[in-house]
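Atoms within each ligand, like the ligands themselves, are counted from 1 in listed order.
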Amino acid sequence: FFSHQSKLITMAIKSEDFPASPLPQIAFIGRSNVGKSSLLNTLLGDQMAHVSKTPVTINNYNYGCTKSINFYALWDKIMMVDLPGYGYSKVSKDKASVWGRSISEYLLTSHHCKLNLLFEKTRLKKLFLLVDSRVGLQKNDIEVMKLLDEHRVAFQVILTKIDKATTTGLKRFYNQVKEEIMNNVSCVPNIIQCSSKEMKGIQQIRSVILEVTNF
Ligand code: GDP
C-alpha cells in the first residue's frame, strides 16, 4: 500500500511557501541522527527522504542541511511532513532560531490558523516525535514536547533503532518517556518502538497513520 507512491511536493522554510493542499498531514520531528530519514524512507518507499540531507539555499541564504520542512504526498492522499532535525551541535544560534521560527510557523499554519478558511480544520492529524532508544529524552526533546503541548498538537513518541538498544536500556528509556508523558505533557500515551533496519514497529506506525487519516 505505502511503497512507490510518494512524491516530494515542496521544501519550505517560510509559511508562505508551505503547500496550501487540504490533504491530512502526518509530521515527523526529532534530534538530528535519530533515524528520521531512515524511517521516512521506509514509510514512503525508495530513497525519498534523502533530499533532507541536501543544503538548502533560498534567496542566497544558505540554511544548511535538514533545515527545510519537506512535504511529501503519499498516494496523493496523505501529506507526510519531514520537520528539520534539532540539537546538532555544529548548528549556530542563527540557524537554531531559523529552525524554531519555521517549526512554530508550521505548527501555527497547520494546526489552528484562523486566517484562512481552508485551514480552519486541523490538517495536522498526528506528529511523531522520534527519540533514539539508546539515548533517551534529552533536554531539547523535552523543550520540543512542551512546544507541541502548547500548540495542542496530537503527538506520539516513537523510540527508534531498537535493534541496537539493550533490553535494560530500552526499558529504562521507555519508562523515562512514559514518566515525562504522564507528568508533564499531554500526548498519546502509547509509545511505539521501531527499527527501520529490522522493520520492527513499522506496521504499527502505518496503522496509526491510516487510522488518523481515515483510510
Ligand atoms: P536523521 O538524521 O534523523 O535523518 O537520521 P538517519 O535516518 O540519517 O540515521 C542516522 C544514522 O542512524 C544512520 O547511520 C542510519 O543508518 C542509522 N539508523 C537509522 N535507523 C536505524 C535503525 O533502525 N537501526 C539502526 N541500527 N541504525 C539506524
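One distance of note links CG of Leu74 with CD1 of Ile209; it measures 7.5 Å at 0.5 Å rounding.
Closest heavy-atom approach to atom 15 (C) of ligand 1 within the set Gly30, Cys194, Ser38: this belongs to Ser38. The heavy atom nearest to atom 17 (C) of ligand 1, out of those in Arg31, Lys161, Glu198, Lys36, is found in Lys161.
Centroid-to-centroid, the aromatic rings of Phe155 and Phe128 stay 6.0 Å apart or farther.
With a 4.0 Å cut-off on non-hydrogen atoms, Val34 touches ligand 1 through its backbone as well as its side chain.
The distance criterion of under 3.5 Å between nitrogen or oxygen atoms is met by Gly35 with respect to ligand 1. Checking only distances, Ser32 never comes within under 3.5 Å of ligand 1, N or O to N or O.
Of all atoms in ligand 1, numbered sequentially from 1 with element shown, those under 4.0 Å from a heavy atom of Lys164 are 26 (N).
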- Audit row: Glu198, Lys200, salt bridge (charged side-chain N to carboxylate O under 4.0 Å, His left out) steps and yes/no: CA-CA 5 Å; Glu198 294 185 350; Lys200 285 181 182 153; 2.8 Å; yes
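The aromatic rings of Phe71 and Phe18 are tilted relative to each other, their planes meeting at an angle between 30° and 60°.
Residues Met79 and Pro19 approach most closely at CE-CG, 4.1 Å, considering heavy atoms.
Environment of CD in Gln204: crowded, with over 12 heavy atoms of neighbouring residues, nucleotides or ligands closer than 6.0 Å.
Using 4.0 Å as the threshold, Thr160 has no heavy atom nearer than that to any atom of ligand 1.
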